[in-house]
Amino acid sequence: MEEETGALPAKNDFSSWFNEVLWRAEVMDVRYPVKGLYVWFPHGFAIRKHVYERLREIMDRDHQETLFPLLIPEHEFMKEAEHIKGFEEEVYWVTHGGKNQLDVPLALRPTSETAIYPMYALWVRSHADLPLKMYQVVNTFRYETKHTRPLIRLREITSFKEAHTVHATWEEAESQVRAAIEWYIEFYTGLCVPVIVSRRPDWDKFPGADYTVAVDTIMPDGRALQIGTVHHLGDHFSQTFGITYEDDKGVQRYAQQTCYGISERCIAALISLHGDDHGLVLPSSVAPVQVVIVPILIGKRRAEVNTAAEMMEQVLRAAGIRVKRDIREIRPGAKYYHWEMRGVPIRLEVGPRDIDAGVVSAVTRTGDRSTIPRGDLVPGVQALLGQVTASIKKRATDEIRSRITVAGNVDDVVLAVQTGIAVVPWCGERRCAELLEEKSGGSILGMYVRSELVEGIDGVCPVCGQKGCCTLIGRTF
RNA sequence: GGGGCAGUAGGGUAGCCUGGUCCAUCCUAGAGCGUUUGGGACGCUUUGACGGCGGUUCGAAUCCGCCCUGCCCCA
């Protein structure tokens with residue numbers, strides 16, 4: 001199905017590397033004949049499945065999963081003015097059923113506020129119904145005019161996890177925003193993806209929100225990738241859609257809302273941050289295959305080796321480890337390259353030499369070779385899985401940290417943006433931002449930065465000299 | 001949004017300017033047979049394409065038009 005041999009483009013040629021690794025590691029097939037739509041290969045889909053299982057585990061602690069329709073009637077979609085302005089140009093419309101023109105055009109959801117909130121208006125009656133917290137994982141459609149790119153800029157976002165909550169007070173909604181940020185950080189920590197949290201400037205907030213907090217990471221080419229957003233919606237939508245509740249004194253009040261989302265960009269980040277010149281590198285938590293067993297079949301001892309490999313497979317599977325025994329009739333070296341490309345954390349080799357020594361040879365995807373006594377297979381493998389994950393995490397954190405630079409003046413900003421993100425004490429004035437953006441080629445990502453990777457900084461705006469607050473500037477995807 | 005460049009078998013390319021054959025090609029992939037197997041094996045046999053639609057022509061991968069798709073650069 002895929003091109004097996006030959007080297008990947010080097011990862012420092014990130015754009016080529018990314019396109020090529022999606023194909024060679026069987027993540028996405030980009031050959032679907034509609035712009036901006038791509039096909040998940042089974043291996044990519046299996047990665048997606050494990051990643052979203054992690055995400056669901058977290059969401060299920062405080063939300064109920066639900067499912068709303070894909071189609072939104074025009075009159076609902078067109079209710080919230082700012083929201084319309086933000087999405088109008090990107091909406092696909094269904095206008096016909098067969099040959100008949102529809103009385104009411106139907107939008108393919110670009111996001112689901114206008115699908116969900118009319119129902120919330122029916123469901124929320126009293127303060128006893130609050131808080132209401134739901135999420136769904138769905139596809140959404142946006143007619144992107146910029147260059148589309150698999151997993152990153154799509155016309156069909158196939159894996160949009162969106163949560164929508166309703167609260168009695170603005171403060172309660174804000175504490176939900178803070179909780180959501182914590183969950184997103186936890187989620188990305190599980191993927192070994194370091195993130196930076198910041199509050200988007202007003203001109204870049206979600207259309208219809210009071211404010212937007214974004215979760216960004218930095219890709220290998222130094223550009224920032226937004227991989228999560230959390231919005232405090234205030235009562236904008238509840239006023240539009242009539243989401244009211246009766247408080248404990250019998251007064252009707254508008255509800256306060258939040259929404260927050262993560263898309264398959266999380267998988268773009270996972271792949272891009274950890275991958276190397278040999279292909280994907282996956283943390284064991286989301287690796288579809290955590291351990292591959294390659295039997296070394298030579299001459300007369302084939303049966304013996306096969307039996308040993310089968311037993312290893314059984315033992316590991318019984319221990320809950322996702323294991324694959326590769327029994328294809330190809331040379332072992334070809335199998336090594338095959339599974340390295342797909343990011344398998346651990347390869348176990350068993351051949352006559354190992355059997356005689358009572359061990360199994362283990363090689364981690366991060367490059368460590370060792371032997372495990374046959375009797376200690378499960379604990380040995382579990383320890384190695386932990387090692388691989390720790391090593392991936394350290395590598396990614398070091399990499400991201402090296403791309404974040406505290407910049408005290410305009411020249412430093414320009415320099416920092418060439419390789420990553422600048423941290424600047426910006427004053428908050430739009431015209432200072434414009435100057436910084438113009439000179440550096442980057443954009444203001446956000447203020448009130450929060451990240452283990454960024455020291456809080458005090459100082460003055462490098463443009464005007466007024467007191468500034470910790471702000472991120474970088475090129476974006 | 002503006003501007004380039006490109007699309008030829010599963011993948012990568014030559015051919016296009018200057019239209020012309022029965023077998024384009026190399027690296028691979030698929031099928032078959034055999035020898036192999038501790039880091040991408042080899043031999044032999046074989047399958048398979050000119051992005052789509054329309055036009056010009058006796059004849060189009062090649063020339064013209066429109067569309068679709070991809071990549072790069074600039075806003």
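Protein chains get the first letters and strands the later ones, always in sequence-line order, with residue 1 at the start of each.
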Would you tabulate the side-chain donor-acceptor contacts of residues 369-388 of chain A under 3.5 Å, counting partners in other chains and residues two or more places apart, or write 'none'?
none

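Between A:D356 and A:R301 a salt bridge is recorded (basic side-chain N to carboxylate O distance below 4.0 Å). For the pair A:E156 and A:R142, the salt-bridge criterion is not met [side-chain N within less than 4.0 Å of a carboxylate O].
Sequence order on RNA chain B of the closest nucleotides to A:R353 and A:T145 puts A:T145 first from the 5' end. Toward the 5' end of RNA chain B, the nearer of the two residues A:G36 and A:G351, judged by each one's closest nucleotide, is A:G351.
Look at B:U57: it lacks any Watson-Crick or wobble partner with both distances under 3.5 angstrom. Nucleotide B:G39 is matched to nothing when pairs are restricted to Watson-Crick or G-U wobble geometry with both distances under 3.5 angstrom.
Residue A:E340 places a side-chain atom within donor-acceptor reach of the base of B:G39, judged by atom type and a 3.5 Å distance cut-off alone. Residue side chain A:R328 does not reach the base of B:U37 through any donor-acceptor N/O pair under 3.5 Å, judged by distance alone.
Counted by atom type alone, A:Q226 and A:D216 present zero donor-acceptor pairs between their side chains at under 3.5 Å. Between the side chains of A:R475 and A:S443, no donor-acceptor pair of N or O atoms lies under 3.5 Å. Using modelled atom types and a 3.5 Å distance limit, the side chains of A:E264 and A:T158 yield a donor-acceptor pair.
In this structure, the CG atom of A:L37 is 14 Å from the C1' atom of B:G70, given to the nearest Å. Following rounding to the nearest Å, A:L22 (CG) and B:G70 (P) show an atom-to-atom distance of 14 Å. A:D326 has its CG atom 15 Å from the P atom of B:G40, to the nearest Å. Rounded to an integer number of Å, the gap from A:I296 CD1 to B:G39 P is 8 Å. Rounded to whole angstrom, the span from the NE2 atom of A:H338 across to the P atom of B:U28 amounts to 18 Å. The distance between atom CZ of A:R302 and atom C1' of B:U36, rounded to the nearest whole Å, is 10 Å.
Remark: ring of A:Y336 does not overlap the six-membered base ring of B:G39 in a stacked fashion, as centroids less than 5.5 Å apart with planes less than 30° apart are not both met.
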Please produce a list of atom pairs where a protein N or O lies less than 3.5 Å from an N or O of nucleotides 47-54 of chain B.
none

Distances under 3.5 Å between protein N/O atoms and the N/O atoms of nucleotides 71-75 of chain B, please, pair by pair.
from	atom 1	to	atom 2	distance (Å)
B:C72	OP1	A:S15	OG	2.5
B:C72	N4	A:H147	NE2	3.0

Give every pair of a protein N or O atom and an N or O atom of nucleotides 42-45 of chain B that lie under 3.5 Å apart, one pair per line with the distance.
none

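Counting heavy atoms of neighbouring residues, nucleotides and ligands inside a 6.0 Å radius, atom CD1 of A:I327 does not exceed 12 of them.
For A:R109, there are no salt bridge (Lys or Arg N to Asp or Glu O under 4.0 Å) partners at least two apart in sequence or on another chain. For A:R403, the side-chain contact (heavy atoms from CB on, under 4.5 Å) test picks out A:I218, A:E399, A:T419, with sequence neighbours left out.
Relative orientation of the A:Y184 and A:Y260 rings is perpendicular, given thresholds of 30° and 60° on the angle between their planes. The aromatic rings of A:Y117 and A:F237 sit perpendicular to each other, their planes meeting at more than 60°, with 30° as the lower class boundary.
Distances from the side chain of A:E329 to the nucleotides B:G10, B:U36, B:G38 place B:U36 closest. The side chain of A:R31 sits closest to B:G10 out of B:G38, B:A41, B:G10. Closest contact between the side chain of A:V363 and the listed nucleotides B:G39, B:G38, B:U69 involves B:G39.
Residue A:F206 forms a ring-ring contact (aromatic ring centres under 6.0 Å, His included) with just one option from A:H231, A:H236, A:H232, and that option is A:H231.
Separating the C1' atom of B:U62 from that of B:A14 is a span of 13 Å, rounded to the nearest Å.
Within the nucleic acid shown, A:R301 has no heavy atom closer than 4.0 Å to any nucleic acid atom.
Within the 4.5 Å cutoff, the side chain of A:L108 has heavy atoms near those of the A:V94 side chain.
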